[in-house]
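Residue numbering restarts at 1 for every chain, and letters A, B, ... go by the order of the sequence lines. Every heavy atom of this structure was used, including side-chain atoms; hydrogens, water molecules and symmetry mates were not.
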Amino acid sequence: MERHEPMLSQLRRGVLEYCVLAVLRDGERYGYELVAELGAADGLLTSEGTIYPLLGRLRKDGAVATTWRESTSGPPRRYYSLTARGYDTLERFGGEWTRFRDAVDAILGTGEERWTPSLRSTSSSST
Amino acid sequence: MDAKSSQHLVEQYLKELRAASRGLSRGERRELAAQIEEHIRAALAIMPAPGEAGVREILERLGDPEEIVAEQYGPHGARAGIGAQAVTAIVLLLVGGFLAGIGWIAGVVLLWTSQVWTTREKLIGTLVVPGGLFGAFFVASALLVTSVGSALADRSPAASAARTRRCATWSRIAAAAPRRSSRSSTRSCSRS
């Protein structure tokens, strides 16, 4: 487990921001809610705090917008929502991810279908 | 008592976070601190009986402040932006030497305590021009003084005798192969 940590963290760093955008597609969230939802997915978020610099960057990039809302307990909270730009980014990633995942699965033999030259054309049209 | 130590734990954590995010821009740093504070508050609000153990758990799940910053910005937020300390260091390294040399030393101290640069960059910053512009100024004036000194020495009788010999050689060369460039050099010799 410990031995695979660097590899996992590389993978996580690559996909985490798209997972954040995907959660926000279902509606705005405040930070803690987002963390709780992502944390429920195994292995996606090792230290919860790492989500916050990422949210800061996504906001700067214009993929995410923040608004302040009153909370029942304590001071107002910042809510994060997906912008049109964030939506586009997510859509594009979705397409790329499917291709990427299928390619890796095919080579590793971890997918539902083993890679064979004849499958190449049919698998791309089936998705 | 328990509430007090919980408060202390949170403050300690936020202090570590501020230290870890020193390399970030002011805005990024402030935003990050506010987000983390809000997270802690939200997590505490839904805990039935927070207490010290609860606070510890929340902070542990948040993760090491260094790690939080490094995940997004690299170690110490190195390339995220240059803070006030870094700017001061650069200014002092450049012109601090004019402040009786002490300014440059202060710049070196700021340079080495900063987390923005790597050790190699710090070495370069320290050694390339010790004393900064003042050092460069010092070296330049030293060179100027020696060259003026040698120019003055050039006016001595021994030096003019040597120049006459050089001119005589040039004139012979010019006579053997008369070209425009050599003619001009003979002219300058005859004038001197």
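The line from CD of Glu60(B) to CD of Glu48(A) is 11.0 Å long, rounded to the nearest 0.5 Å. Between Leu55(A) atom CG and Leu34(A) atom CG the span is 6.0 Å, to the nearest 0.5 Å.
Cluster membership check: Leu92(B) does not share its hydrophobic cluster with Ile102(B), using side-chain heavy-atom separations under 4.5 Å among Ile, Leu, Val, Met, Phe, Trp and Tyr. Linking Ile, Leu, Val, Met, Phe, Trp and Tyr whenever their side-chain heavy atoms come within less than 4.5 Å leaves Leu11(A) and Leu45(A) in two separate clusters. Follow the hydrophobic side-chain contacts under 4.5 Å out from Ile46(B) and you never reach Ile58(B); the two are in separate clusters. In terms of hydrophobic clustering, with Ile, Leu, Val, Met, Phe, Trp and Tyr side chains grouped at heavy-atom distances under 4.5 Å, Val35(A) and Leu16(A) are assigned to a common cluster.
Chain B forms the most heavy-atom pairs under 4.5 Å with one residue out of Pro75(A), Gly56(A), Pro53(A), and that residue is Pro53(A). Considering only heavy-atom pairs separated by less than 4.5 Å from chain A, the leading option among Pro65(B), Gly27(B), Ala43(B) is Ala43(B).
For Glu38(B), the part lying under 4.5 angstrom from a heavy atom of chain A is the side chain only. Contacts of Ala45(B) with chain A are made by side-chain atoms alone, with heavy-atom separations under 4.5 Å and no backbone atom involved. Neither the backbone nor the side chain of Ile40(B) comes within less than 4.5 Å of any heavy atom of chain A. For chain B, the nearby parts of Arg78(A) are the backbone and the side chain; heavy atoms of each come within less than 4.5 Å.
Ring geometry for Tyr18(A) against Phe93(A) counts as parallel: the plane angle stays under 30°, on a 0 to 90° scale with 60° as the upper cut.
Contact check for Tyr80(A) versus Arg29(A): no side-chain heavy atoms found under the 4.5 Å cut-off.
Close approach to chain A, defined as a heavy atom under 4.5 Å from one of its heavy atoms, is seen in no residue of residues 9-18 of chain B.
Residues satisfying the side chain to side chain donor-acceptor pair (under 3.5 Å) criterion with Arg41(B), sequence neighbours excluded, are absent altogether.
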